[in-house]
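Values in this document were obtained by computation on a predicted structure and should not be read as measured data. Count residues from 1 along the sequence. Note that these values count all heavy atoms, side chains included, but never hydrogens, waters or copies made by symmetry.
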Amino acid sequence: MIVFDLLCGVGHRFEGWFGSSEDFASQKERRLLTCPTCGSAQIERVPSASRVNLGAPEPKAPKAPKAPAQPAKTPDMEGKDPFAIAQMLYSRMLDELLTKTEDVGQKFPAEARRIFYKQQPVRAIRGQATQKEHDELVDEGIPVARLPVPPRERLN
Ligand SMILES: [Zn+2]
């Protein structure tokens with residue numbers, strides 16, 4: 001079937017279904033085509049808007065975009081629930097942090113300051129600071145980050 005957009009002499013626009021363009025021409029010739037609004041038999045095709053329906057199945061919808069790649073998982077994470085994985089990653093991060101930083105304990109604010117002002121060799125340190133000390137370091141532009149202390153550190 002072919003759908004033609006049609007226009008009558010008065011300007012009414014409507015659709016007509018035909019077996020072929022010859023079918024359309026034939027119906028028009030025999031004045032079988034009339035405008036559903038005004039009954040005019042003066043019908044013209046609107047060429048640009050014709051559509052063809054060959055009875056073919058609807059084109060498939062475009063495939064959904066691929067899901068973003070999952071972050072690489074190590075085998076020991078397989079089958080674990082996301083919460084357990086998050087805890088594992090957090091624990092590893094803390095392990096790394098603890099092995100790569102020097103614990104200066106209560107001297108942290110003073111030591112952070114000495115390192116920042118290059119009175120001490122640059123190194124990664126960890127330790128304790130009160131909220132006030134932390135804020136003072138931040139105010140001075142000294143890069144410090146607050147971390148929750150892992151439980152075993154509290155036990156030590
Ligand atoms: Zn009309």
Is [X] linked to [Y] within one hydrophobic cluster, defined over Ile, Leu, Val, Met, Phe, Trp and Tyr using a side-chain heavy-atom separation of less than 4.5 Å?
| X | Y | value |
| --- | --- | --- |
| Phe14 | Phe4 | yes |
| Leu32 | Val3 | no |
| Leu33 | Val10 | no |

If you look at every heavy atom in [X] and [Y], which pair is closest and at what distance?
| X | Y | value |
| --- | --- | --- |
| Phe108 | Ala129 | CD2-CB, 4.0 Å |
| Ile43 | Thr34 | CD1-C, 4.0 Å |
| Gln128 | Gln106 | OE1-NE2, 3.6 Å |
| Ala124 | Lys100 | CB-O, 3.7 Å |
| Tyr117 | Glu140 | OH-OE1, 2.9 Å |

Query raised in the report: Is there a donor-acceptor pair closer than 3.5 Å between any side-chain N or O of Ser91 and the backbone N or O of Gln87?
Result: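 Not a single qualifying donor-acceptor pair exists.
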Query raised in the report: Would you say Gln42 has more than 12 foreign heavy atoms packed within less than 6.0 Å of its CD?
Result: no
**Report entry** Residue pairs, two or more places apart or on separate chains, that pass salt bridge (charged side-chain N to carboxylate O under 4.0 Å, His left out) and touch residues 16-34
**Finding:**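 For residues 16-34, and leaving out neighbouring residues, the salt bridge (charged side-chain N to carboxylate O under 4.0 Å, His left out) pairs sorted by first residue read Lys28-Glu44.
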Taking the side chain as every heavy atom from C-beta outward, state whether [X] and [Y] have any atom pair closer than 4.5 Å.
| X | Y | result |
| --- | --- | --- |
| Leu6 | Glu15 | no |
| Val144 | Leu137 | yes |
| Val138 | His134 | yes |

Query raised in the report: Should the pair Phe24 and Phe18 be assigned to parallel (<30°), tilted (30 to 60°) or perpendicular (>60°) ring geometry?
Result: perpendicular
Query raised in the report: Just checking, is any N or O donor in the side chain of Arg113 or Gln120 under 3.5 Å from an acceptor N or O on the other one?
Result: no
Report summary line: Rounded to the nearest 0.5 Å, the CZ atom of Arg45 sits from the CG atom of Leu7 at a distance of 13.0 Å
**Report entry** Qualifying residue, where the test is side chain to side chain contact (heavy atoms under 4.5 Å, CB included) with His12 and the options are Pro36, Ser40, Cys38
**Finding:**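 It is Cys38; the other options fail the test.
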Query raised in the report: Got a salt bridge between Glu111 and Arg126, using NZ or NE/NH1/NH2 to carboxylate O under 4.0 Å?
Result: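 Salt bridge absent between Glu111 and Arg126.
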Query raised in the report: Do NZ/NE/NH1/NH2 and the carboxylate oxygens of Arg92 and Glu96 come within less than 4.0 Å?
Result: no
